[in-house]
Amino acid sequence: MDKIHNNKAWLLVLPVFALVAFSAIVPLMTVVNYSVQDIFGPNNRYFVGTEWFSQLLRDPLLHNSLLRQFGFSFSVLAIEIPLGIVIALSMPRRGLGVPTCLILLSLPLLIPWNVVGTIWQIIGRGDIGLYGWALNEVGIDYNYAANPTDAWITVLIMDVWHWTSLVALLCYSGLRAIPDVYYQAARIDRASHWAVFRYIQLPKLKNVLLIAVMLRFMDSFMIYTEPFVLTGGGPGTSTTFLSQTLTKMAVGQFDIGRAAAFSLIYFLIILLVTWLFYTAMTHTDDKA
Amino acid sequence: MSLTLENIDRTVRGERHIADASLSLASGSFNVLLGHTLSGKTTLMRLMAGLDSPNSGRVLLNGQVMTDVPVRKRNVSMVYQQFINYPTLSVFDNIASPLRLAKLAKPEIVRRVEETASMLRIEHLLGRYPQELSGGQQQRTAMARALVKDADLVLFDEPLVNLDYKLREELRLEMRKLFRTRNTVAVYATTEPAEALALGDTTTLLHEGRILQSGPSDAVFHRPETLEAASLFGEPPINLMEVEVRGSELLIGSTAFPLPRQLESLDDAPYRLGMRPSHLGLAPVGDDDLEFRMAVGVAEISGSETFLHVNNDVHELVLHLGGIHDFAVDSEIRVYAPCHKLFVFDADGDLMHAPSQPFSRA
């Protein structure tokens, strides 16, 4: 086959390339550049190669906060995904209840992150907070500022409160997309409610669930503001997640080279886990 | 098994979807519900199945009142216009699902699934999943699921609409065979008159929520009791002309024809004359054919037939001609209507005269 080669087409790609370069490639490459240097000041830097990376990978600080991070993200998924599905299933399908539910569910999503943190910081306080006070009144010793377990639970509940709506709304839209005849057919088949869920609703929800799982994983894995406002990472380091460890390193200790290497590892972890989720969830498609 | 509807009414939010429907369907029969879109076919089927309850009237199955028995407690099955199968279950499991819910023994399930699958010629696909099948195979799977459980009542809601022409013909023939030996009541909704004639032992004409006429398909087709029934049961619909009988003359527009002898019993009055498109021709069949001078409008050619639209000052007619014909638009043409093929309706639309002998299908 004779093809006419016309390289002018590349010119059309140039604007996009320039845009992507400035918004993504240049910043990312700057980080890559920093990550191989030890930086003391603007004119005082040394090339250190992969030293930061090998040091970080053996660093217990990183290990611990990575473990905490995974623990947090998986807890978030384990609670929010099923809860979101249950909420979506129990929402009304028609009538005035629909807009009411939709508005109520969207409310937490509209609140800025640091406000969410502040809300829970206040509401969880034992002296003036409604929840904290009530818990202490009924005899449960609750103090998120001193007890690591309480801090953990509070951060988790806060995230569930903030983000379950997103999963519920996604699932609700997925459920609404199932034609009524499927339910009719199931009724005629005398299928149980569980069978309807297992064999009609869940398979039809698969695609939105995939999006929900990925969004919630990525978001929770990068969580920063809420725990920072609520607990400041404490007590001790019990709620210090990856992003906060990173911020301390970069801004607190001004350890730019090390922080840059950390960011790259962080970024690759998110990429890898998201890819794993995606392949795992779309792979089952081949069988079904 | 037999199904009887007695004076069924169904009103949804002030709108009457089914009005005073009475119908009796015999065991082992294949019954076609013919009506336009929104005529109430699906609503009537939902009432038959028990998915909805009528506002008044009774549904009887085998003489037993079933009106308020919910669908989960009845033994019905239904096939839809959309191909409805469980997406994560294999074809085998899909077909087996009603039997498993009925808690049948495993060997019995395997035997019946295989039997039904081979009847619908999908036995080689049992291991596959619905989305790996073509539309026709998916619908066969859905049909197998409906047939496998030996339901008292099997409902088909336009099941062939989403299939291509050839598959439709094929499945139509098969369905007829499948139900010959069964002791169930089959109801099949369609918008196509040809399907009613090809499939139905009986045909029920449904128009705007009312049953116009019901009976053996041929009888309903040959003797439509009303003008509406005649228009509904025929594609293209029957041609109509305002006429008047005066003494021994038949007045059509400004032309006076001698009154055909078949119509001699009619009193002097205005009538409406019905002529099926397939009965009109471009050459006279007998000496007394009614002759009209018309101008050619459009000629739709579909495969081996031509639908010719012609008109003059007062009338528009459609002719259904065999073979392919080419006509110049606006050219002058003579159309002949044989007198022994005429339908006559009175001013109220009731049938006054129908051709006496059976004729070819429209």
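Lettering of chains follows the sequences in order, A, B, ..., and the numbering in each one begins at 1. In this text the structure is predicted, and so the values were computed from the model without any measurement.
Residue B:Arg172 qualifies as enclosed at atom CZ: its count of foreign heavy atoms under 6.0 Å is above 12. More than 12 non-hydrogen atoms from other residues, nucleotides or ligands lie less than 6.0 angstrom from CH2 of A:Trp161. More than 12 heavy atoms of other shown residues, nucleotides or ligands fall within 6.0 angstrom of atom CG in A:Leu268. Enclosure of atom CD in B:Glu108 by more than 12 non-hydrogen atoms of other residues, nucleotides or ligands within 6.0 angstrom is indicated. Counting heavy-atom neighbours within 6.0 Å of A:Leu57 CG, excluding the residue itself, gives a total above 12.
By number of non-hydrogen pairs under 4.5 angstrom with chain A, the leading residue of B:Val76, B:Leu101, B:Asn85 is B:Leu101. When the candidates B:Asn75, B:Val71, B:Leu51 are compared by the number of heavy-atom contacts under 4.5 Å with chain A, B:Leu51 comes out ahead. For the set B:Arg100, B:Arg128, B:Arg72, the count of heavy-atom pairs under 4.5 angstrom toward chain A peaks at B:Arg72.
For B:Leu89, the part lying near chain A is the side chain, with the backbone staying farther off; criterion is any non-hydrogen pair under 4.5 Å. Residue contact with chain A, scored on non-hydrogen atoms closer than 4.5 Å, is absent for B:Asp157.
Note that CZ of B:Arg74 and CZ of A:Arg190 are 11.0 Å apart. Values are rounded to the nearest 0.5 Å. Interatomic distance, B:Arg145 CZ to A:Ile188 CD1, rounded to the nearest 0.5 Å: 9.5 Å.
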For residues 191-199 of chain A, which side-chain donor-acceptor pairs fall under 3.5 Å, sequence neighbours excluded?
from, atom 1, to, atom 2, distance (Å)
A:Ser192, OG, A:Ala195, N, 3.1

